[in-house]
Amino acid sequence: MASNLSAAPDFHLTIPQSDKRRPIFFTAPIRQNLTKKRLTISCNSSRSSPKSSRNLKESLNPKNPSLSDQLKPLSATTLSTTEDNRTHLLSKPKSTWVNPTKPRKSVLSLQRQKRSPYSLNPIVKELRLFAQKLNDCDSSNETTFLSLLEQIPYPLTRENALLILNSLKPWQKAHLFFNWIKTQNSFPMETIFYNVVMKSLRFGRQFELIDNLANEMVSNEIELDNITYSTIITCAKRCNMFDKALEWFERMYKTGLMPDEVTYSAVLDVYAKLGKVEEVLSLYERGVASGWKPDPITFSVLAKMFGEAGDYDGIRFVLQEMKSLGVQPNLVVYNTLLEAMGRAGKPGLARSLFEEMVESGVTPNEKSLTVLAKIYGKARWAKDAMELWERMRSNDWPMDFILFNTLLSMCADLGMEEEAERLFEDMKRSEHCRPDSWSYTAMLNIYGSGGNASKAMDLFEEMSKLGVDINVMGCTCLIQCLGKSRRIDDLVRVFNVSIERGVNPDDRLCGCLLSVVSLCEESEDANRVLACLQQANPRLVALVRLIEEEKTSYETVKEEFRVIVGDTAVEARRPFCNCLIDICRSRNLHGRAHELLYLGTLYGLYPDLHHKTADEWSLDVRSLSVGAAHTALEEWMGTLTKFVQRNEALPEMFSAHTGTGTHRFSQGLANAFAAHVEKLSAPFRQCEERAGCFVATRDDLVTWVRSRSPSPIIA
DNA sequence: GTAGGGTTAG
């Protein structure tokens, strides 16, 4: 074992023994694991594929272990207790102690690959014109293109060919031209030609062609350099072929070529996109330990990764690292961090970071403002949203289509109707940002949630006139609004027209129709809405008919309910159940309503309804409809009554959470709850300290139960 | 888009 160890190649990814900067990686068990793994890899390395065995370099370096194999022990052992280690890594102060007798092994080249100098070409202008002519020709006709090539006005030198190759788009033309140069045999094909055409192919996401070209380079012994590898890797990444990206990175290591910082950060992004946070951190650490000073692009990759994970500690780590390494965030890093803060649920910190960005002299662009508008809308920070809006106007910050639409959505979230109307008019007047179906959807959302059915219908007519397609969300908003205003004629028409125009009703739209059914007082209206629903979800209509029929057994309802819930999108399951309960209550089928609440609980639709501690039992009805909340309260009171009657131990305090109904869509629950409690004379009072919360003491509740309950109570 | 890496919408 010992002799094997010493014989093992001193590969550049070997963990530096002296580095104390991130102690978690350098404990003895990890090192042993790494070493064991390396031996395994050395034994298996003769198992090379037929293709790679043709590659001299690769087969001559069988002892180079692969990168991911070296990472495996880290993720499989130390990193399996990830939480502890992560905390450790993200919070441990750095030590700069370095053992001078054991120099660090490098995992990347600190020198970025130099580009070969481009010789100045005196006929650039004419060649560009020629390339333009090629770009303009009918791209579907290969023969035309190839015959045009014969008219090249200058000799096909290396420089001339490169210039044209660089100017050709789309990728099909660059690829044709590349293949044509090869047939001309005017000069040897160098790496740069492959690199240029690969970049073009990457725009077309043609990974297979790139993969083939790369293998062709290997076969023809044309050197693959860092530019080649980074292009291959990023193309695979953009095609979501992450395994291929890592495969090529490993092939690079096996040939003994060191990645430079561009390739290295591209691979960091591959691991980041795979959600392999530990591997990214491990690579990052090793890079830094090799003396690499990561640039803003690397930090953007890290920030994006932590943002995706909603990992606030990770975001702090990125900020800390940049500070301690003296890297000033640029616009992209700020934008990525802003979005990450939003995802981590930190709107306040996003706001501070935005101020810091502006103060540091970085002018926000469309993306920064889009991200921030989204955050303020989601957080319902109307005041900040308004201020942002004013600043955008007064500073003349840039606007684009996405920003317009995001601002409209933000207005919809915050009920900012007038501002939305101004924006919408701005869009209509603009040249490049005319309202599209997304913009109309936001406006339908605003008018719909504000109960302005007439304006919403006007928009719908306008869309028909202008030929803007209505989408399923716009249709849902409009139908919800028309239902609340009981404009059933319009509702039916909107539904039918939308279906004709290709809207594919989803479960949310069905839920919306079902909620309208629960609102209909006239059975004729309900039947017309059900006829719409019949087109979209006949089985749901059948369930409504079943539950309305008193003689339907509980078992039958249960089975049908189970099947429907299983077939429904997760986000629409609870709304379905809420509406069904509401329908029962509006038809005085209270027993059925209780059955449905029970079934909803059984199938996990109300996971947080009850909460118990030693001191307090609470009922959280915030995600319930009014009818479902009534039912849940009745159920709870029934249970508590039994407890009181049996003299069982009860906590000091009881609370019911309705929420404050600040959101325009969810008004009324607190009011309805208060009215219901009053009707029952139940001792629940609105809690002053906790908004949207009703509380009752044990003593009051017991007194109340006893006063209502004639059944024998054991004192 | 002028040989390679990172950011924007229910």
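Each chain gets a letter, A, B and so on, in the order its sequence line appears, and its residues count up from 1.
Distances shorter than 4.0 Å separate some side-chain N or O of A:Lys273 from OP1 or OP2 on B:dT7. Under 4.0 angstrom from either OP1 or OP2 of B:dG1 there lies no side-chain N or O belonging to A:Lys169. OP1 and OP2 of B:dA3 both lie 4.0 Å or more from every side-chain N or O belonging to A:Lys114. OP1 or OP2 of B:dG5 has not a single side-chain nitrogen or oxygen of A:Arg112 nearer than 4.0 Å.
Distance from the side chain of A:Arg128 is smallest for B:dT2 among the nucleotides B:dT2, B:dG5, B:dA9. The side chain of A:Pro296 lies closest to B:dG6 when the candidates are B:dG6, B:dG10, B:dG5. Side-chain atoms of A:Trp438 lie closest to B:dA9 of the nucleotides B:dA9, B:dA3, B:dG1.
At a threshold of 4.0 angstrom between heavy atoms, the contacts of A:Asn330 include nucleobase atoms, whether or not backbone atoms are also involved. Counting any heavy atom pair closer than 4.0 Å across all strands shown, A:Lys304 reaches sugar-phosphate atoms only and no base atom. Looking at heavy-atom distances under 4.0 Å, A:Asn226 makes contact with a base. Within 4.0 Å of A:Asn471, counting heavy atoms only, lies at least one base atom of the nucleic acid. Across all strands shown, A:Thr191 has no heavy atoms under 4.0 Å from either base or sugar-phosphate atoms. At the heavy-atom level, A:Thr441 lies under 4.0 Å from base atoms of the strands shown. Contact annotation for A:Arg202: backbone-only contact, meaning every heavy-atom pair under 4.0 Å involves sugar-phosphate atoms and none involves a base. Counting any heavy atom pair closer than 4.0 Å across all strands shown, A:Lys378 reaches no nucleic acid atom. Within 4.0 Å of A:Arg508, counting heavy atoms only, lies no atom of the nucleic acid at all.
Aromatic ring pairs are classed by plane angle as parallel below 30°, tilted from 30° to 60° and perpendicular above 60°; the pair A:His175 and A:Phe178 is parallel.
A:Val332 has its side chain out of reach of A:Pro296: every pair of non-hydrogen atoms, C-beta onward, lies at least 4.5 Å apart. By the 4.5 Å heavy-atom criterion applied to side chains, A:Lys169 and A:Phe203 are not counted as neighbours. Looking at A:Pro329 and A:Met357, their side chains never come closer than 4.5 Å, going by heavy atoms from C-beta outward.
B:dG5 and B:dA9 are spaced 25 Å apart, taking the C1' atom of each and rounding to whole Å. Using P as the reference atom, B:dT2 and B:dG6 are 14 Å apart when rounded to the nearest Å. Look at the P atom in both B:dG1 and B:dT8: the space between them is 16 Å, to the nearest Å.
Between the side chain of A:Arg393 and the backbone N or O of A:Trp389 there is no donor-acceptor pair closer than 3.5 Å. Between the side chain of A:Asn220 and the backbone N or O of A:Ile222, no donor-acceptor pair lies under 3.5 Å.
In this entry the distance linking CG of A:Leu509 with C1' of B:dG10 reads 15 Å, nearest Å. Look at CG on A:Leu283: it is 16 Å from C1' on B:dG6, rounded to the nearest Å. The interatomic distance linking A:Phe203 (CZ) with B:dG1 (P) rounds to 6 Å, in whole Å. What separates CG of A:Asp400 from C1' of B:dT7 is a distance of 12 Å, to the nearest Å. Rounded to a whole Å, the CD atom of A:Glu308 is 9 Å from the P atom of B:dT7. Going from atom CD1 of A:Ile227 over to atom P of B:dT2 covers 14 Å, rounded to whole Å. B:dA3 atom C1' lies 8 Å from atom CG of A:Asp225, rounded to whole Å. The CZ atom of A:Phe177 sits 15 Å away from the P atom of B:dA3 (whole-angstrom rounding).
A heavy atom lying under 4.0 Å from DNA chain B marks the following residues of residues 332-341 of chain A, by number: A:Val332, A:Val333, A:Asn335, A:Thr336, A:Glu339.
Contacts classified as salt bridge (charged side-chain N to carboxylate O under 4.0 Å, His left out) and involving residues 258-267 of chain A (residues at least two apart or in different chains) are given here: A:Arg112-A:Glu261.
On a pure distance criterion of 3.5 Å, a polar donor-acceptor pair joins the side chain of A:Ser200 and the base of B:dG1.
For the residue pair A:Tyr447 / A:Glu417, no side-chain donor-acceptor distance below 3.5 Å is found, with atom types taken as modelled.
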Please tabulate, for side-chain N and O atoms in residues 371-378 of chain A, each donor-acceptor pair with protein atoms closer than 3.5 Å (sequence neighbours left out).
none

